[in-house]
Structure formats: C-alpha cells, structure tokens
Amino acid sequence: MHYDINYLRLLAEKFPTIESVTNELVNLRAIMHLPKGTEYYFSDLHGEHEAFIHLLRSGSGVIREKIDNLFRSSVMEQDRAELAALIYYPSTQLARARKAEPNYEDWCMVTINQLVIVACEVSAKYTRSKVRHTMDPRYAGMIEELMNTDGTDVDKRTYYREMIESVVQVGCADGLIKALCHLIQQMTVDQLHIIGDIFDRGPRADRILDELMKHHDVDIQWGNHDVAWIGAMCGNSVCLMSVLRIAISYNGFDCLEDGYGINLRPLSMFAATTYADDPCTHFMPHVLDENEFDPVDPALAAKMHKAVAIMMFKLEGQLIQRHPEYGMQERLLLDKIDYEKGTIRIGGKEYPLTDTSFPTVDPKDPYTLTAEEQTILDGFQASFRHSERLRTHIDFIINHGAMYKVANGKLLYHGCIPVNGDGSLQEVDLFGEKCKGRALFDQLEMHVRRAYRAETPDSVDLLWYLWCGAASPLFGKDRMTSFERYFVKEKELQKEHMNPYYKYYDDPKFCAALMREFGLNPEISHIINGHVPVKHGETPVKAGGRLFVIDGGISKAYRSKTGIAGYTLISSSHEIQLAEHRPFHRGNDLESPETYTTVHIVEHMPRRLMVEDTDAGERFRRRIDELQELLSLYRCGVLGEA
C-alpha cells in the first residue's frame, strides 16, 4: 500500500530519523505478540455505588482468585482475605492495620512484598511503558525497580530488601502501598465497558462517575437514564423533571443535594403548601437506602414527588404538541380528565382516578405551568447548569460515550435495535430523514452531541424521545405509563409492551443479521446488551452464546426480579466468563470470592488471543505499514532525516 507523500511528511515529524522509525517498528511488532488485555463489561449500575465500586476494585473476584493461586500454600486464608481487602480499600485497611498490628513496620514490609508479587502477576502481559503509565508518578520509579529486580541475583535481593526497609523507615510505606493497590486494580481491568444506565434508583451515581473517571480506559454506551440526565443538563425541562421525579421517588436526595448541589428547598416549600392536606398516597418514596446526610420526611417527599410529577406531565404535553411527528399524542392525558367527576377517558373508555387532587391544573388549560411552578422550573434549570460537578460528569459521559460501540468483535448497546413485528429493521423518520439499524444509531448520536454542544432546540427535545419514545433504541417499549401507574388502578392500562426485538433476540439468525448490519462476522462475534433485567430462572446467554444480556440486578430495585445482584462479563485472552454476584454489603470485604461471586466460563477461545487479534492490533498493523513506507523513503533518499 502506498501512502500520500504529504501524510508521510507529517508522520516524519513524529519519527524524524531512521533510528526512531526502526525502534517503533520493533516495539509495535513485539506488542502484537503480547496476550490481549482483559475486558470487563458492566450494565445498569443505577447508582449502586458501593456494590459497583467493590466489583470494579476486586475485578469481580479475579484479584482474590489470583491471590489464592499465588499464596495458597504459603499464606493463611484469613491473611489472603485481608490482603485482598487491602487492595480493594487501601485507606480503610491501612487504618485498621495501624491499630491492629503489633508491629506495623514489619507488617508493611511483608505486605509490600506480597503486593509487588500480585502486581507482577496482573501486569505480566502488558508492556513496561503501559504499566509505568498506570503507576502513581510519585512512586513509579520505586515500583518499577521492585517489580523488575532479578530475585536470583544476591546483590539485587539485598538492594530490594534495603529499598523496602528504607521506605518503611522514612514513613513512605502507606503511600507506596496505596500506589501498588491502585496499580493492581487498574492492571486487572484493562478495558472497562459500561453498557448504560449509570443514573437513577440507587443512592450515589455521582460516586460511580468519580470512580470511572479514575480508570485509564473506559467507554460508555448511553442508556435512557443517562440521556435523561444529559437532557436535564442542556435545558430539556421534561428530562429535568423526569430526573427529579425518579430521584425523589427513590429517596435519592443525597445524590441531588450533596452530590450535585441541587437546591430542593423551593420545591419542598411549594409542595408542603400546595399539597398540605393531600396524603399523596401513591407518591410515597421507595426507601431502598437511607439518606447519609439530610433525611427527608417520607410524607414531605411524597408531596415533592407529586409536585414534580404533575409539572412533568404538563411539560410532556407541551413537548408532544410541539412535535406531532413523535406520534405520542396518546400520552396527552391531562386534557382527558373530567375534573368534576374524577375520571379519565383512555382508549374510548372512562376510568375512575385513584387520586383526584389536582390543585395546580387548570382544566381549561391543563398543560400550562402556574407562575409558582415556572419559578421552580427556572430555579432547577439554573441549579443544574451551575453545578460544576454535574457538568464534569456529563462531559465525561459525552466524551467517553456513544449510542453503541463495536470493539474486538463485540457489538455493545444498551437497549435494543428497533425492529418490526416480522423482525426486519424498523425505519424511523428523524426530521424528514428515514433511517434504521446502524444509520439510526449514528443519526441519534449526532443529535445527542448536537443537543449537548450546541443546544439545538429540536435535538434538545429529541433527548426526551430517546428517554421514552416508542422507536427509541434506548427505551425499547411502546410507551411509558407513569401517569397510569400513579392515577389508574387497571393493570392493563399500566402495561408497557416491549419492542419485537425482545421476541427475536434469542434467535441466532436474527442476531447474525444484526451483527452483519454493524459490520461484524457472526461466526466469531457477540452482542452485549443491558436494559432489561434477566428474571430469576432465565439465562443471560441468548442465541446459543451469540448475545449476552448483563442486566442482572446490581440495582436493589430489580433484585426481587433477578434473584441476584448483577453480572459482570469478563473477556480475557483465554475465555469469556460470566460472573454472577450476590448482594454486597459493606463489611463483607473480607469474605472469599466464593461467598459473593460465582464465575462460569461460557466460551473458551480456540487459541489464546493476542494483541494482533484485537482492534488495537489492526491499528498497529496500519501503523507498521506506514512506518515501513516512511523507512523506505528515508533509505532511498526521497525524505531526509532531521
């Protein structure tokens, strides 16, 4: 292959000599023959920060497994458990050891030795430069020396021992131990894939994002809950009210107030006054987690919940009327209420309402906010925009996220690929342009970025459709029946029907067609999917192993359906593993992995996968070709060395 001379001149600026080109060629060719890094896939975290952080820091049990393999014959089980806990929670466990260990300095020296052994084990298949890049720069030189000292050399053993003793004597042991623990965590999980829905239901999505931002290689496939928060950040008032409604309904005050500094006081005062005599029975919050900082009385929370729900239904009505092309006119329900009779007409039938108190709704103009509601909305929009921490987190989600990802023979997306009843790809009209399949995902991603970066009005509005629209790949249902669940007791009206995708996704031929749509070879590829919890007794492995659904109930809200507390899919150079987790409670840090995680091998690789078998390998091959061309130009004199 011949490259444009102007491109090669640009490449020559980075590699200005024959020596620099040949050094890079040797480096790349060597890297190609290293084992593939281990990839971890998580889905539907839903704010469950303690469980997720434990899974991430423990490598879903892999770190404990490696400790057992290394030290089973030389270290007691309790000590191995304590070493694992130290790697997961170094600050907490160092404080414990400082109090509990009779000779803390000796303990530090033994522990540093053990951590170096574990660090060598988990980083063995990576280049020194990659490992060095992951190290805490304050301790990188020291760690490199410890990890690369030849133990068979007597002089080097003495050097190694003296280095550790000096670290302890000068008081640097805690810092070195923390740096080694962090290195082990990072090297265990080479690539981290989050298949959507970081936000909502659980207590602290903000702490999950803090943890993700520390990782060296992470990507996010947006879920509908994530897009709702993106919408709230860039001015979509319906998304904002949806975010607040869910947060309040799941007692998520800590995330809003402590995490992001959102001012809820005007809403609480308005709700307490407006719904003073209303018990708001159907709006009582689900208290899955206690508030850590400022507990809110459930009765007041219920009033706040109802206040934002009514505002949301009004704003939804305005947006639906602005966009008849969404085809969501059936969700205009406030004007279908007979406020005197306390009934609502849906689908040509009249139903009694279970709650008839609507003090802020004008029957003649039901979708207009009152002056007080408008003031509250304006305040929330300002509060969201001025939250620097929320802006930082949403920036991260945008910059590291996408509607889907094709990576190393795997197609990753959160919800579904919309299809018709016969399984054919569903065509969707986006502002006059019809698209389906991969093209639909690409167009929607463009609108998400346009909404966030440029706040284009139609794109900003579309974020709400992505949250709950019938043809949204992130939602995957025909409707969101929030109103019916609050106000109508008939169960048939509360049903949300799944896209036909979920009828077909256990069919290998259907999955093969989807893979081909995204440019993948069905014989060797997989789809990894989240969004819909795998119910108790069902298998997350679909279509004969071609598709994995990994929403297993990390969120407490889903555990009654799933019977477990989440899945991690792990793709190493040898195999694909599915880790099944039981509920995590802080305090079981020292338990062995068998009590918390069960790992099943779902596919063995026919041979060990190397870097040359990955997407990175393909990029390296192209770079090698470019460098070969550049080298030939240097050697034949077409280009001169710098």
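Scope of the values below: all heavy atoms of this structure, side chains included, with no hydrogens, waters or symmetry mates. Computed from a prediction, not measured in an experiment: that's the story for all the values here.
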Hey, could you give me the CD/SG distance between Glu455 and Cys234, rounded to the nearest 0.5 Å?
5.5 Å

What pairs with Arg389 under salt bridge (charged side-chain N to carboxylate O under 4.0 Å, His left out), at least two apart in sequence or on another chain?
Asp206, Asp210

Can a donor-acceptor pair be found between the side chains of [X] and [Y] at a distance below 3.5 Å?
X	Y	value
Glu603	His526	yes
Tyr413	His531	no
Lys130	Ser123	no
Tyr567	Asp44	no
His414	Asp197	yes
Asp190	Tyr40	no

Between [X] and [Y], is any pair of side-chain heavy atoms under 4.5 Å apart?
X	Y	answer
Val534	Asp551	no
Ser472	Val428	no
Val131	Met187	yes
Glu575	Ser572	yes

Do His54 and Tyr88 make the cut of ring centroids closer than 6.0 angstrom?
yes

Can the ring centres of His225 and Phe199 be said to be less than 6.0 Å apart?
no

Listed by chain and number, what are the side chain to side chain contact (heavy atoms under 4.5 Å, CB included) partners of [X], not counting sequence neighbours?
X	value
Thr456	Arg450, Ala454, Ser459
Glu523	Asn521
His133	none

Donor-acceptor contacts, no H, no angles, side chain residues 106-113, under 3.5 Å, sequence neighbours left out:
from, atom 1, to, atom 2, distance (Å)
Asp106, OD2, Asn103, ND2, 3.0
Thr111, OG1, Trp107, O, 2.8
Asn113, OD1, Tyr160, OH, 3.3
Asn113, ND2, Met109, O, 2.9

Using the six-membered ring wherever Trp is involved, compare the ring planes of Phe42 and Phe52 and label them parallel, tilted or perpendicular (cut-offs 30° and 60°).
perpendicular

So, Arg80 side chain and Ile67 main chain: donor-acceptor pair closer than 3.5 Å or not?
no

Is [Y] paired with [X] through a side-chain N to carboxylate O contact shorter than 4.0 Å?
X	Y	result
Glu144	Arg128	no
Glu211	Arg57	yes
Lys410	Asp615	no
Arg607	Asp613	yes

Applying salt bridge (Lys or Arg N to Asp or Glu O under 4.0 Å), run through Lys405 and Glu39 and close with a yes or a no.
CA-CA 14 Å; Lys405 185 178 180 70; Glu39 299 173 80; over 6 Å; no

Show every donor-acceptor pair shorter than 3.5 Å between a side-chain atom in residues 635-642 and any protein atom, with sequence neighbours excluded, or say none if there are none.
from, atom 1, to, atom 2, distance (Å)
Glu641, OE1, Ile18, N, 2.8

When you look at CD of Glu162, are more than 12 heavy atoms from neighbouring residues, nucleotides or ligands closer to it than 6.0 Å?
yes

Under the side-chain hydrogen bond (donor to acceptor under 3.5 Å, both in side chains) test against Tyr404, which residue among Gln221, Arg438, Glu445 passes?
Arg438

